[in-house]
Amino acid sequence: MKAQDKNLVARGYEMAQGVTRNHAKSFYFASLLLFGMRRKAAFALYAFCRRLDDMVDVADGAAQGAVPEGLAERLVRARRAVAELYVETPELADPRMPPPATRASGGEGPWDEAELAALVDCIRRFKVPEQPMQDLISGMEMDLTTRRYQTWAELDQYCFRVAGVVGLMMAPMLGCSAEWALGPAADLGRAMQLTNILRDVKEDLDRDRVYLPLEELAAFGLSLDDLRKGVVDDRWRDFMRFQIDRSRAYYARAWEGIPALTGFGCQRMVMLMGSIYGDILRVIEERDYDVFSGRASVRGSRKVALATAILVRPTAGLPAKKQPQVSMPLLPRGVSS
């Protein structure tokens, strides 16, 4: 690599670190348990995801209730830009698509040139596959046309595409080469995304979005009007308990993949990240499931306490006891989601 290219890559990693520090305090805090290139790669992958998310959110905020003008085409160009990252590593390319070199050129995305240089370095160093990156863009495309989800199956697909795939991107960087552990990696992303959804109900409503399955709301006797009014009654508490139980079941499934993370510090990093997010559920419970009057968050002192516990006794970070068979909660009234 030429000196000029090395400088570009180094600048890209620095920019990615800044993006992570400014936008993902919990992830940044947990990443301190990583070392060397693994920590830099975590920043590069986060910045890749964050830039895409910001591109959709900015356009979404500009025109509530309407498909953002021009965003669909920007996502198409972003797909091309991702493909171009894999021209020299076709063995890592998305197997569902033609070889990267044969796809349409003219890629463009929300990333700085230096950030892309760092991302390419990360991809080649840790053999990060293209498929989860393309699936992430598919998740962003769902936000173009879908503001309500009728069933959990529909929402689960969204959670996988916008968060589960992040676990698949991170897995190689964390030293995971076992195919069996990819399911748990995706489940951690699902758990964290569902936690975000439960925390951000009001914020999403303000953007005319509901990421709660309508079928399940109805099963608990709730309507969208109840959400808009910020009703916190026994129906809502029962609904939130059900969703929290589901989220914790995904955390428990995710923990089964921890032993497959062989990179130094990686197991503790993932346990800390999952523990911090899982702790948001505890805060929601302490607030009597009121997510309408304020945002549930984990205090800095609590994060330090979780980190200390994991460093001293790693199993202390487990958000749920490991079970031979983790089962999901059942809906009332015979509804099957």
Side-chain angles (χ1 to χ4, degrees), residues 48-80 82 94 96-97 109-110 131-169 186-220 222-230 236 239-240 242-244 246-247 250 277 291-292 295 328 331 335-337:
F48 166 79
C49 299
R50 181 72 198 196
R51 296 295 194 198
L52 272 175
D53 192 51
D54 284 348
M55 183 173 74
V56 174
D57 284 348
V58 169
D60 187 41
Q64 277 194 1
V67 175
E69 185 178 355
L71 182 55
E73 177 57 32
R74 274 181 278 169
L75 289 173
V76 169
R77 292 198 296 269
R79 281 194 186 279
R80 295 172 185 167
V82 169
D94 191 335
R96 304 167 301 181
M97 299 182 178
Q131 183 170 335
M133 294 187 176
Q134 295 290 359
D135 284 341
L136 179 65
I137 295 174
S138 295
M140 302 297 169
E141 289 174 337
M142 291 177 73
D143 273 331
L144 295 180
T145 57
T146 306
R147 291 177 178 269
R148 308 282 189 274
Y149 291 87
Q150 188 65 32
T151 68
W152 166 247
E154 294 172 358
L155 182 61
D156 183 47
Q157 182 184 50
Y158 175 78
C159 289
F160 171 76
R161 287 180 173 177
V162 300
V165 298
V166 178
L168 303 184
M169 285 182 221
D187 282 341
L188 180 57
R190 283 185 170 101
M192 293 170 65
Q193 182 63 23
L194 182 53
T195 300
N196 280 338
I197 287 170
L198 299 179
R199 179 194 63 192
D200 297 338
V201 172
K202 184 179 185 303
E203 181 180 322
D204 291 331
L205 277 170
D206 291 342
R207 298 187 300 132
D208 191 34
R209 292 189 178 277
V210 178
Y211 292 103
L212 301 171
L214 301 183
E215 182 180 82
E216 295 181 0
L217 284 168
F220 286 89
L222 292 162
S223 68
L224 293 185
D225 282 341
D226 291 322
L227 267 62
R228 295 186 184 102
K229 294 174 183 176
W236 176 252
F239 174 80
M240 289 294 284
F242 173 83
Q243 299 299 338
I244 287 173
R246 170 185 278 156
S247 183
Y250 274 116
Y277 258 76
V291 293
F292 302 103
R295 201 169 197 248
M328 292 293 172
L331 278 169
V335 177
S336 177
S337 185

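Applying the salt bridge (charged side-chain N to carboxylate O under 4.0 Å, His left out) rule to R148 yields the partners D208; only residues at least two apart in sequence or on another chain are considered. Every side chain to side chain contact (heavy atoms under 4.5 Å, CB included) that A163 has, sequence neighbours left out, goes to Q193. Judged as a side chain to side chain contact (heavy atoms under 4.5 Å, CB included), and not counting sequence neighbours, the contacts of V82 are F48, Y86, W111, E130, M133, Q134, I137. Contacts of T146 classified as side chain to side chain contact (heavy atoms under 4.5 Å, CB included), with partners at least two apart in sequence or in another chain: Y149. E154 is linked by a salt bridge (charged side-chain N to carboxylate O under 4.0 Å, His left out) to nothing, counting only residues two or more places apart in sequence or in another chain.
One finds the CG atom of L52 at 5.5 Å from the CE atom of M140 (value rounded to the nearest 0.5 Å). Remark: L224 CG to K229 NZ distance equals 12.0 Å, nearest 0.5 Å. Atoms CG and CZ, from D143 and R209 in turn, are 4.0 Å apart once rounded to the nearest 0.5 Å. Note that the CG atom of D204 and the OH atom of Y211 stand 6.0 Å from one another [nearest 0.5 Å]. How far CZ of F239 is from CD1 of I244: 10.5 Å, rounded to the nearest 0.5 Å. Atom CZ of R147 sits about 13.5 Å away from atom CE of M142, to the nearest 0.5 Å.
Contact of the L217 side chain with the D226 side chain is not registered, since no non-hydrogen atoms from C-beta on lie closer than 4.5 Å. Looking at D156 and Y250, their side chains come closer than 4.5 Å, going by heavy atoms from C-beta outward. Using a 4.5 Å cut-off on side-chain heavy atoms (C-beta onward), L205 and V210 make contact. Side-chain contact between E73 and R77 is present, with at least one heavy-atom pair separated by less than 4.5 Å.
Looking at R74, its side chain never comes within 3.5 Å of a backbone N or O of P110 through a donor-acceptor pair. Under the 3.5 Å distance criterion, the side-chain polar atoms of S247 are left unmatched by any main-chain donor or acceptor of Q243. No donor-acceptor pair closer than 3.5 Å links the side chain of R228 to the backbone N or O of S223.
A salt bridge links D54 to R50: at least one charged side-chain nitrogen sits closer than 4.0 Å to a carboxylate oxygen.
Taking the six-membered ring wherever Trp is involved, the centroid distance between the rings of W236 and F292 falls below 6.0 Å.
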Checking L144 against V56 for the side-chain contact (heavy atoms from CB on, under 4.5 Å) test, could you report, in this order, the C-alpha distance in whole Å, the side-chain angles of both residues, the deciding distance, and whether it holds? CA-CA 8 Å; L144 295 180; V56 174; 5.7 Å; no
Mind running side-chain contact (heavy atoms from CB on, under 4.5 Å) on L222 and L212 for me, showing each step along the way? CA-CA 11 Å; L222 292 162; L212 301 171; over 6 Å; no
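For the pair L168 and P132, the tightest heavy-atom approach, listed with the atom from each and the gap, is CB-CB, 4.0 Å. Taking each heavy atom of V291 and L198 in turn, the nearest pair found is CG1-O, 3.3 Å. The two atoms that bring A186 and F160 nearest to each other are CB-CE1, 4.0 Å, heavy atoms only.
The list of salt bridge (Lys or Arg N to Asp or Glu O under 4.0 Å) pairs with a residue in residues 191-203, not counting sequence neighbours, reads D200-R295, K202-D206, E203-R295.
Using modelled atom types and a 3.5 Å distance limit, the side chains of S138 and D135 yield no donor-acceptor pair.
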